[in-house]
Amino acid sequence: MAAKGNLSAVLRKVDDLCLEERPIPQPGKGEVQISMHAVGICGSDVHYWKRGRIGDFILTAPMVLGHESSGVVSAVGEGVTHLKVGDRVAIEPGASCRYCSFCKEGRYNLCPDMKFAATLQLMAHCADTMFTLLTFVSSKSRPSLPDHVSFEEGALLEPLSVAVHACRRAGISIGSNVLVCGAGPIGLVNLMTAKACGASKVAITDIDEGRLNKAKELGADYIIKVDTTKDSRDLAKKVVDSLGLADQTIECSGAESSFHAAIHATKSGGTLVVVGLGKAEVQFPIVDALVREVDIRGIFRYANCYPTALALVASGAVNVKPLITHHFKLEQSLDAFETSRTGAGGAIKVVIHCNEGYQI
Ligand code: NAD
Ligand code: ZN
């Protein structure tokens with residue numbers, strides 16, 4: 001599979017996203033070269049584009065955007081035996097050091113030397129974070145899949161892995177009553193994953209009617225429209241009136257008022273997982289959480305979640321397809337990013353297709 005070029009969506013500086021031919025990366029030892037097929041646009045990509053930073057992660061040099069991706073192995077580096085040219089793969093984008101205590105303990109998402117791979121049309125990446133989509137791989141550590149998982153679904157394993165990590169840290173299990181705050185792509189994958197974990201009831205909040213309707217379509221038992229002019233206790237009461245107090249709450253909006261409602265609506269002894277990354281410092285009703293022993297836990301991306309995300313999609317336990325609302329070709333990347341930014345046409349997940357033959 002000879003590579004002709006390597007057109008990439010590059011963020012040169014804030015608000016300056018362009019398409020650029022980049023050198024073709026050759027796979028080093030333990031790496032494979034991937035010919036990208038589908039790339040989902042994440043809110044963080046849009047944030048970098050428009051603001052140039054997310055918290056302490058600051059854009060200092062041109063950066064290739066897009067990390068929710070899948071593709072085909074186009075070259076194999078030295079020592080790679082479990083993948084071959086032509087394998088269809090979903091790519092876990094982080095590459096950790098593998099030596100520090102976090103890596104050794106399996107919490108590699110906390111590795112201080114984590115390199116989060118950006119997506120080029122072609123990329124070289126560590127071969128051990130490739131998850132085979134279609135090819136049956138005999139290695140026990142590789143999940144194998146039947147033919148029906150598409151490249152788009154492969155790209156969406158990234159946000160789905162965030163949900164797997166959040167639901168695990170929340171301790172959601174059979175019969176749980178779960179509150180999800182925010183019905184963006186991350187809230188929606190959390191809703192579906194909570195259901196797949198066995199939650200009996202899931203309530204979801206948002207300020208946007210369209211997103212709530214999507215949540216209903218995806219299996220939410222209760223959808224609750226947030227009125228931001230009202231007190232967060234008022235919202236918590238609405239949640240309790242429908243769902244009851246939540247055993248676990250997963251906050252996916254990043255809005256400060258939503259943190260407040262999330263605490264008030266979680267039962268004593270319950271767990272609140274905060275996924276949403278909003279302002280760096282927010283006020284919290286901390287005493288209410290402390291005296292009721294509501295555990296507040298953060299998450300950062302995921303660790304050891306891709307195989308589970310893949311299994312959820314492959315088995316049909318989670319269907320991510322309804323999240324994909326828009327498709328663009330690589331050459332239309334600017335339009336794709338703009339659609340994701342504005343949410344035009346009810347956009348939830350916008351996917352860019354890099355393979356030349358793709359027909360919109
Ligand atoms: P998004 O902006 O598309 O979705 C946020 C949703 O929250 C929107 O639908 C919005 O209408 C809704 N919302 C806004 N104010 C609200 C309120 N007061 N109450 C309820 N809902 C409200 O973003 P997304 O891609 O779904 O991501 C959600 C959050 O998760 C973001 O803050 C993102 O940075 C964060 N995130 C964190 C991690 C992590 O590792 N911790 C990973 C991925 C995303
Ligand atoms: Zn490490």
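When a residue number appears, it is its place in the shown sequence, counting from 1. Remember, it's 1-based here, ligands and their atoms both numbered in the order they're listed.
- The backbone N or O of G254 lies less than 3.5 Å from no partner atom in the side chain of S258, so there is not a single donor-acceptor pair.
- The heavy atom nearest to atom 15 (N) of ligand 1, considering only V275, L277, I204, I207, is found in I207.
- Those atoms of ligand 1 that come under 4.0 Å of a heavy atom in T205, given as number and element, are 20 (C).
- Look at P185 and you'll find a heavy atom under 4.0 Å from some atom of ligand 1.
- For C252, every heavy-atom contact with ligand 1 shorter than 4.0 Å involves the backbone, none the side chain.
- Nearest to atom 40 (O) of ligand 1 among the protein's heavy atoms is R301 N, 2.6 Å.
- Each of the following atoms of ligand 1 lies closer than 4.0 Å to a heavy atom of S257: 18 (N).
- Under a 4.0 Å criterion applied to the non-hydrogen atoms of V226, ligand 1 contributes the atoms 19 (N), 20 (C).
- Linking Ile, Leu, Val, Met, Phe, Trp and Tyr whenever their side-chain heavy atoms come within less than 4.5 Å puts L310 and M192 in one cluster.
- Within a 4.0 Å radius of atom 2 (O) of ligand 1, the protein has no heavy atom.
- Scanning the protein for heavy atoms near atom 42 (C) of ligand 1, the closest one is V162 CG1, 3.9 Å.
- Remark: side-chain polar atoms of Y108 are paired, donor with acceptor, to backbone N or O of N304 under 3.5 angstrom.
- Close approach of ligand 1 to I299 is summarised as follows: ligand atoms under 4.0 Å from at least one heavy atom of the residue are 39 (C), 40 (O), 41 (N).
- Taking a cut-off of under 4.0 Å to the non-hydrogen atoms of F300, the atoms of ligand 1 that pass are 40 (O).
- In this pair, F284 and F259 present their aromatic rings tilted. The plane angle is within the 30 to 60° band.
- A continuous path of Ile, Leu, Val, Met, Phe, Trp and Tyr side chains, each step under 4.5 Å between heavy atoms, connects V282 with V274, placing both in one hydrophobic cluster.
- What you find for L245 and H264 is that their closest heavy atoms are CD2-O, 3.7 Å.
- A salt bridge is absent between D295 and R169; no separation between the charged side-chain nitrogens and carboxylate oxygens falls under 4.0 Å.
- Under the 4.0 Å distance rule, the nearest protein heavy atom to atom 23 (O) of ligand 1 falls outside the cut-off.
- If you check each of C42, G182, P159, S253 against atom 16 (C) of ligand 1, the one with the closest non-hydrogen atom is S253.
- Atom 9 (O) of ligand 1 has its closest protein heavy atom at D206 OD2, 2.7 Å.
- Per-residue contacts place G276 under 4.0 angstrom from the following atoms of ligand 1 (heavy atoms of the residue considered): 29 (C), 30 (O), 32 (O), 35 (C).
- Counting only heavy atoms from C-beta outward, the side chains of S8 and E20 never approach each other to under 4.5 Å.
- Under the 4.5 Å side-chain criterion, counting only non-hydrogen atoms from C-beta, V162 is not in contact with V189.
- With hydrogens left out, the protein atom closest to atom 43 (C) of ligand 1 is I186 CD1, 3.9 Å, a heavy atom.
- Atom 4 (O) of ligand 1 has its nearest heavy-atom neighbour, among G184, A183, G43, in G184.
- Draw a line from the Zn ion (ligand 2) to SG of C103 and another to SG of C111, and the angle between them is 110° (to 10°).
- We find the CG-CG distance between L330 and L7 to be 4.5 Å, quoted to the nearest 0.5 Å.
- The closest side-chain donor-acceptor pair between S253 and E251 falls under 3.5 angstrom.
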